[in-house]
Amino acid sequence: MMLENVGRYFIEDHGCGRKSIRFQVEGRIEDTLSNSRGELFTSDKVFDFFHGFEEIDNFQLIEKSKGNFDLLCVPNNGTDINRERIAQEFKKFYSPDAFIKPYIVKTIKAEDGGKFRFVKSKSFGEI
């Protein structure tokens with residue numbers, strides 16, 4: 001399977017005197033989500049959203065089907081995680097018609113190759 005990057009490019013001057021186009025890699029296509037409005041959510045964007053919750057130390061968002069998610073949450077220093085609030089905030093962030101089921105876990109396993117994926121997209125082929 002060929003892995004492809006997702007990112008954006010900038011054509012404006014970036015302050016160093018060079019006039020070339022810059023490309024900022026924001027993640028892999030396999031870790032990118034799209035909602036019912038066609039908006040893209042890279043793993044960086046999802047990472048920033050979930051790490052905005054002080055009670056979450058680590059997470060993994062797993063897309064089971066389009067708009068249907070499991071969320072694995074590792075609490076920060078044993079604090080309580082308000083699953084209902086996180087689900088509500090995720091709907092505001094991603095899409096009102098999304099369904100997310102948060103689970104509290106002690107740890108999240110890395111992939112076989114040792115890398116950790118914060119987002120696992122099932123629908124990336126539609127992007």
List the atom of [X], the atom of [Y], and the distance in Å for their closest heavy-atom pair.
| X | Y | answer |
| --- | --- | --- |
| T42 | T32 | CA-OG1, 4.2 Å |
| P75 | D57 | O-CB, 3.7 Å |
| I86 | F50 | CG2-CE2, 4.0 Å |
| F116 | A110 | CD1-CA, 4.2 Å |
| I100 | P102 | O-CD, 3.5 Å |
| N76 | E54 | ND2-O, 3.0 Å |

Query raised in the report: Which is it for Q88 and F90 under the side chain to side chain contact (heavy atoms under 4.5 Å, CB included) test, yes or no, and what are the steps along the way?
Result: CA-CA 5 Å; Q88 290 172 352; F90 181 75; over 6 Å; no
Requested in this report: Mind telling me whether F53 and F49 have parallel, tilted or perpendicular rings, with 30° and 60° as the class edges?
Outcome: perpendicular
To the closest 0.5 Å, what do you measure between [atom1] ([X]) and [atom2] ([Y])?
| X | Y | atom1 | atom2 | value |
| --- | --- | --- | --- | --- |
| K66 | S95 | NZ | OG | 9.5 Å |
| E111 | R117 | CD | CZ | 5.5 Å |
| I56 | L72 | CD1 | CG | 11.0 Å |
| R83 | K101 | CZ | NZ | 9.0 Å |
| L61 | D70 | CG | CG | 8.5 Å |
| E55 | N82 | CD | CG | 7.5 Å |

With a 4.5 Å limit on heavy-atom distance, are the side chains of [X] and [Y] in contact?
| X | Y | result |
| --- | --- | --- |
| Q60 | K120 | yes |
| S121 | D31 | no |
| L40 | L33 | no |
| L71 | Y103 | no |

Query raised in the report: So if you build clusters from Ile, Leu, Val, Met, Phe, Trp, Tyr with side-chain heavy-atom gaps below 4.5 Å, do F69 and F99 land together?
Result: no
**Report entry** More than 12 heavy atoms from other groups under 6.0 Å of CG on D80
**Finding:** no
**Report entry** Side chain Y94, main chain S34, donor-acceptor under 3.5 Å
**Finding:** yes
Query raised in the report: For the rings on F118 and F59, is their centre-to-centre separation under 6.0 Å?
Result: yes
